[in-house]
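By convention in this document, chain letters (A, B, ...) are assigned in the order of the sequence lines, proteins followed by strands, and residues within each chain are numbered from 1.
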Amino acid sequence: MNTVRNCLKSLIGEAIRPLLKDSGAEINIELDIPKVAAHGDYASNVAMGLTRVLKRNPREIAQGIISNLRDSDSLLEKVEIAGPGFLNFFLKPEAWYGVIRDIIANPEGYGKQDLGKGARIQVEFVSANPTGPLHIGHGRGAAIGDVLANILTECGYDVQREYYINDAGNQMDTLGRSLYFRYRQELGEDVEFPENHYRGEYMRELARELIGREGKRFRNSEPAEVLPFFTDYAGRSILDGIKDDLDIFGVHFDRWFSERELHGVDSVRKTLEHLRERGFIYDSEGAVWFRSTSFGDEKDRVVIRANGASTYFAADLAYHLNKFERGFQATVDVWGADHHGYIERMRAGVQALGRGKDDLRVVLVQLVNLLRGGVPVAMSTRGGEFVTLREVLDEVGRDATRFIFLTRRTDSPLDFDLEVAKAQSNDNPVFYVQYAHARLCSIFEVARERGLEFDLATAGAETLALLRSPQEFELIKLLGEYPDMLADCARSLEPHYIPYYLHQLVSQFHSYYHDNRILGDDPALTRARLCLAAAVRNVTRNALRLLGVSAPQKM
RNA sequence: GCGCCUGUAGCUCAGUUGGAUAGAGCAACGGACUUCUAAUCCGUAGGUCACAGGUUCGAAUCCUGUCAGGCGUACCA
């Protein structure tokens with residue numbers, strides 16, 4: 001995207017090329033926005049980075065870069081060399097007005113860019129086993145996966161969202177038995193509930209629901225005959241509940257991929273055969289092994305156990321092969337941090353299947369500590385004592401919940417205090433941002449009432465040139481950074497820059513609003529400021545949309 | 001034992017591949033509504049970036065070690 005930053009970058013790049021000559025070094029140009037205005041609009045340390053390559057002192061190199069600058073678009077006011085060799089760029093005011101024009105010309109499209117060049121990628125997330133309702137940790141993964149998909153789409157990738165349902169294997173049998181025993185208990189029988197089964201209250205509810213629907217007809221059946229039904233029934237009901245919860249949370253998948261689908265077409269066996277042909281499979285101690293050590297894993301992994309059953313990992317190999325066969329160039333897997341031990345073997349698997357190392361990118365989401373008033377809330381799925389995502393949503397609300405999840409780095413553990421999330425509500429960051437949006441809407445509402453509305457696209461250079469206070473430039477520059485910020489999110493697969501950016505943008509706007517009248521006595525100035533206000537509103541709205549957080553017109 | 005993540009203001013957290021004087025929000029204290037939304041704004045205070053070494057022009061950031069917390073180390077899922 002043609003941001004001011006990118007224009008300046010290529011300008012500098014052109015200036016450096018002659019200096020490099022035969023060295024052939026590829027230089028990454030970094031541009032900082034300095035904290036102090038005296039250091040210019042942008043600052044770069046390239047000259048210092050080049051000292052080792054060029055074996056000259058940094059200030060000399062900086063001077064060389066300056067004299068090579070061909071500022072054909074006339075962006076630059078002046079360039080200074082400072083300190084040990086920083087280049088400080090001071091831009092002409094006119095250089096910035098294009099930002100406002102871009103936003104006004106294409107409000108929803110501002111921020112969209114072609115970083116991904118249309119590459120088909122998949123974001124797989126949540127993928128919680130259908131053995132119980134989603135809890136808050138799943139919620140964090142859901143928010144992150146969903147927003148990453150939004151960001152990647154915005155940055156030019158062709159993204160598909162997928163939920164992998166682990167609906168095969170013995171945990172499902174355990175689930176079916178759990179329901180079966182609850183069913184008999186709910187019918188008044190005195191049967192003992194087995195160890196290590198799903199004893200949550202939701203299983204009792206499910207049993208009562210089943211009785212309401214099917215009556216007592218399974219009571220005297222042979223367990224072996226009816227268990228498949230119970231398993232299926234429980235799995236489906238719970239999955240339906242998960243879908244409902246995600247729907248309320250604003251998370252929607254393009255595809256729900258069932259593990260059974262893999263087994264149905266014998267994919268696991270075929271995948272293992274494929275790997276065996278490539279020499280990555282061997283037999284030992286009665287089991288079948290995958291040679292993951294060939295790719296740096298610490299030990300080889302069993303794919304088929306001595307008892308003949310395939311492991312979860314074997315299914316995952318087949319699943320990832322399936323993803324690539326469907327044409328995805330890469331997959332982003334969002335996992336809970338408790339699965340981190342799994343990354344190496346999965347990476348090994350992907351490479352053994354003939355794919356590049358980076359065709360699988362794993363985003364590890366650290367666990368959530370749920371607190372209530374500073375006191376940890378115990379969480380255990382099998383024990384059944386936990387707060388569900390649904391309950392959190394009912395109590396805290398979707399916007400605040402999402403915003404809190406998204407305001408932390410993914411690999412940083414998160415304390416989620418229900419009381420804080422609620423009680424804070426008035427100075428909760430999410431409301432701070434939403435309030436700014438509502439306030440902006442209100443300005444335009446009043447402008448309409450006073451007949452001050454006009455077609456923003458008609459605002460010419462002489463109008464925008466009225467925006468020249470330091471506060472106004474600060475805002476415009478920040479608006480100009482929006483696409484670069486999004487690109488950073490996409491590259492690092494970290495959504496949290498967006499909430500921080502939003503807070504900063506909106507904070508500057510609130511301050512500006514306080515000090516200046518948008519709708520003032522001077523019609524020309526009013527028009528100019530309405531352009532700025534519109535730009536701020538659009539960017540705020542776009543960013544909130546990516547976060548899946550609402551942008552209210554009124555508060 | 002080994003591996004991964006984390007340790008930054010009283011609390012919750014940012015700090016994008018090493019950059020100039022370490023940031024924000026809560027909480028605390030003091031101010032600002034006759035105006036387009038005060039769910040806002042302005043100011044004050046708050047730091048041994050866990051600790052100790054090292055690398056260099058320059059380290060919260062990179063390397064080594066120590067300490068503390070979390071997670072993982074299955075022919076479980």
Side-chain angles (χ1 to χ4, degrees), chain A residues 28 30 32 34-36 38-39 43-45 48-49 51 57-58 82-86 88 129 131 166 168-172 174 196 284-289 298-299 301-313 315 336-344 364 366-367 369 374 404 407-409 411-417 420 424-436 438-447 449-450 452 484-485 487-489 491-492 494 496-497 499-500 503-504 506-507 509-520 526 529-530 533 554-555:
Chain A
N28 195 12
E30 216 176 308
D32 278 345
K35 285 168 233 160
V36 213
H39 293 154
S44 177
N45 62 354
M48 282 127 87
T51 48
N57 89 56
F86 289 104
N88 293 337
N129 299 342
T131 55
N166 284 121
N170 55 35
Q171 57 161 357
M172 291 307 288
T174 305
N196 285 327
S284 174
E285 302 165 52
V288 180
W289 298 71
E298 56 188 14
K299 54 174 289 200
R301 306 292 173 174
V302 170
V303 284
I304 296 184
R305 293 186 270 159
N307 67 8
S310 60
T311 60
Y312 189 93
F313 177 56
D338 53 338
H339 288 78
H340 76 248
Y342 220 72
I343 296 178
E344 275 311 312
L364 271 194
Q366 279 292 337
L367 305 183
N369 286 317
I404 290 169
T407 310
R408 266 82 173 179
R409 252 178 32 233
D411 67 349
S412 167
L414 159 62
D415 283 349
F416 192 101
D417 193 314
V420 173
Q424 237 189 13
S425 60
N426 274 358
D427 1 54
N428 196 311
V430 70
F431 296 117
Y432 182 76
V433 175
Q434 289 178 318
Y435 181 67
R439 187 177 239 185
L440 280 154
C441 289
S442 162
I443 292 170
F444 282 94
E445 184 59 27
V446 173
E449 285 164 10
R450 296 189 191 167
L452 297 171
D484 298 307
M485 182 277 301
D488 283 343
C489 290
R491 271 190 286 267
S492 59
E494 282 284 2
H496 75 279
Y497 298 115
Y500 280 93
H503 190 277
Q504 196 189 349
V506 148
S507 157
F509 170 72
H510 277 312
S511 183
Y512 175 70
Y513 175 89
H514 182 266
D515 295 345
N516 302 278
R517 204 131 249 291
I518 312 282
L519 309 174
T526 296
R529 288 182 171 172
L530 277 173
K554 282 198 173 76
M555 281 176 78

Between [atom2] of [N] and [atom1] of [X], the distance in whole Å:
{"X": "Asn307(A)", "N": "C76(B)", "atom1": "CG", "atom2": "C1'", "answer": "12 Å"}
{"X": "Lys299(A)", "N": "C2(B)", "atom1": "NZ", "atom2": "C1'", "answer": "13 Å"}
{"X": "Asp415(A)", "N": "C11(B)", "atom1": "CG", "atom2": "C1'", "answer": "10 Å"}
{"X": "Asp411(A)", "N": "G72(B)", "atom1": "CG", "atom2": "P", "answer": "17 Å"}
{"X": "Ile343(A)", "N": "U73(B)", "atom1": "CD1", "atom2": "P", "answer": "13 Å"}
{"X": "Arg301(A)", "N": "C76(B)", "atom1": "CZ", "atom2": "C1'", "answer": "13 Å"}
{"X": "Leu364(A)", "N": "C5(B)", "atom1": "CG", "atom2": "C1'", "answer": "8 Å"}
{"X": "His339(A)", "N": "G72(B)", "atom1": "NE2", "atom2": "C1'", "answer": "11 Å"}

Separation between the [atom1] atoms of [N] and [M], rounded to whole Å:
{"N": "C5(B)", "M": "A9(B)", "atom1": "C1'", "result": "23 Å"}
{"N": "U6(B)", "M": "U64(B)", "atom1": "P", "result": "15 Å"}
{"N": "U17(B)", "M": "G7(B)", "atom1": "P", "result": "14 Å"}
{"N": "G3(B)", "M": "U8(B)", "atom1": "P", "result": "24 Å"}
{"N": "C75(B)", "M": "C11(B)", "atom1": "C1'", "result": "47 Å"}
{"N": "U21(B)", "M": "G15(B)", "atom1": "C1'", "result": "15 Å"}
{"N": "U61(B)", "M": "G19(B)", "atom1": "P", "result": "10 Å"}
{"N": "G23(B)", "M": "A14(B)", "atom1": "C1'", "result": "7 Å"}

Quiz item: Do we see a donor-acceptor contact under 3.5 Å between the side chains of Gln171(A) and Asn166(A)?
Solution: no
Identify whether any heavy atom of [X] sits under 4.0 Å from a base atom; if not, whether one sits that close to sugar-phosphate; answer base, sugar-phosphate or nothing.
{"X": "Glu445(A)", "value": "nothing"}
{"X": "Asn428(A)", "value": "nothing"}
{"X": "Glu30(A)", "value": "base"}
{"X": "Leu414(A)", "value": "sugar-phosphate"}
{"X": "Ala43(A)", "value": "base"}
{"X": "Tyr432(A)", "value": "sugar-phosphate"}

Quiz prompt | Residue mapping more 5' on RNA chain B - nearest nucleotide basis, Tyr342(A) or Ser507(A) | solution = Ser507(A)
Quiz item: If each of Val36(A) and Ser284(A) is mapped to the nucleotide of RNA chain B with the nearest heavy atom, which maps nearer the 5' terminus, i.e. the 5' end?
Solution: Val36(A)
Anything under 3.5 Å between a protein N or O and an N or O of nucleotides 14-16 of chain B, put it in a table, one pair a line.
from, atom 1, to, atom 2, distance (Å)
A14(B), OP1, Arg409(A), N, 2.6
A14(B), O4', Tyr500(A), OH, 3.4
A14(B), O3', His496(A), NE2, 3.2
G15(B), OP1, His496(A), NE2, 2.7
G15(B), OP2, Arg409(A), NH1, 3.2
U16(B), O4', Tyr497(A), OH, 3.2
U16(B), O2, Asp488(A), OD2, 2.5

Quiz item: Taking O4'-C1'-N9-C4 for purines and O4'-C1'-N1-C2 for pyrimidines, is C33(B) syn (within 90° of 0) or anti?
Solution: syn
Self-check item: Base of A20(B) paired with side chain of Asn88(A) (donor-acceptor, under 3.5 Å)
Solution: yes
Quiz item: Can you find an N or O donor on one side and an acceptor on the other, under 3.5 Å apart, linking the side chain of His340(A) with the base of G3(B)?
Solution: yes
Got a second to check how far [X]'s [atom1] is from [Y]'s [atom2], nearest 0.5 Å?
{"X": "His39(A)", "Y": "Phe86(A)", "atom1": "NE2", "atom2": "CZ", "answer": "8.0 Å"}
{"X": "Asp32(A)", "Y": "Asn45(A)", "atom1": "CG", "atom2": "CG", "answer": "7.0 Å"}
{"X": "Glu445(A)", "Y": "Lys554(A)", "atom1": "CD", "atom2": "NZ", "answer": "5.5 Å"}
{"X": "Leu519(A)", "Y": "Arg529(A)", "atom1": "CG", "atom2": "CZ", "answer": "10.0 Å"}
{"X": "Ile518(A)", "Y": "Leu440(A)", "atom1": "CD1", "atom2": "CG", "answer": "7.5 Å"}
{"X": "Tyr312(A)", "Y": "Arg301(A)", "atom1": "OH", "atom2": "CZ", "answer": "15.0 Å"}

Quiz item: Would you call Asp338(A) and Leu367(A) a side-chain contact if the rule is heavy atoms closer than 4.5 Å?
Solution: yes
Practice problem: Could you check if a side-chain atom of Met555(A) sits within less than 4.5 angstrom of a side-chain atom of Phe431(A), using non-hydrogen atoms only? | Solution: yes
Quiz item: Has His39(A) got its ring stacked on A20(B), by the test of a centre gap below 5.5 Å and a plane angle below 30°?
Solution: yes
Quiz item: So Tyr512(A) and Phe509(A), would you call those rings parallel, tilted or perpendicular, with 30° and 60° as cut-offs?
Solution: tilted
Quiz item: Relative to the ring of Tyr432(A), is the ring of His503(A) parallel (under 30°), tilted (30 to 60°) or perpendicular (over 60°)?
Solution: parallel
Tell me whether the OP1 or OP2 atom of [N] has a side-chain N or O from [X] closer than 4.0 Å.
{"X": "Ser511(A)", "N": "C42(B)", "result": "yes"}
{"X": "Lys35(A)", "N": "A20(B)", "result": "yes"}
{"X": "Arg491(A)", "N": "U17(B)", "result": "no"}

Are there any protein N/O atoms within less than 3.5 Å of an N/O atom in nucleotides 33-37 of chain B, and if so, which ones and at what distance?
from, atom 1, to, atom 2, distance (Å)
U35(B), O2', Arg517(A), NH2, 2.2
U35(B), O2, Arg517(A), NE, 3.3
C36(B), OP1, Arg450(A), NH2, 3.3
C36(B), O2, Leu519(A), N, 3.1
C36(B), N3, Ile518(A), N, 2.9
C36(B), N4, Tyr513(A), O, 2.9
C36(B), N4, Asn516(A), O, 2.2
U37(B), OP1, Ser442(A), OG, 2.0
U37(B), OP2, Ser442(A), OG, 3.1
U37(B), O2', Tyr435(A), OH, 2.3
U37(B), O2', Arg439(A), NE, 3.0
U37(B), O2', Arg439(A), NH2, 3.4
U37(B), O2, Tyr435(A), OH, 3.3
U37(B), O4, Ala438(A), O, 3.4
U37(B), O4, Met555(A), N, 3.3

Quiz item: Of all residues at least two apart in sequence or in a different chain, which pass the salt bridge (charged side-chain N to carboxylate O under 4.0 Å, His left out) check with Arg450(A)?
Solution: none
Quiz item: How does RNA chain B look in dot-bracket form if you count Watson-Crick and G-U pairs under 3.5 Å, write [ ] for pairs that cross, and put | where a base pairs with another strand?
Solution: (((((((..((((.....[...)))).(((((.......))))).....(((((..]....))))))))))))....
Quiz item: Who are the ring pair (Phe, Tyr, Trp, His ring centres under 6.0 Å) partners of Tyr435(A), not counting sequence neighbours?
Solution: His510(A)
Table of protein N/O atoms under 3.5 Å from nucleotides 54-59 of chain B N/O atoms:
none

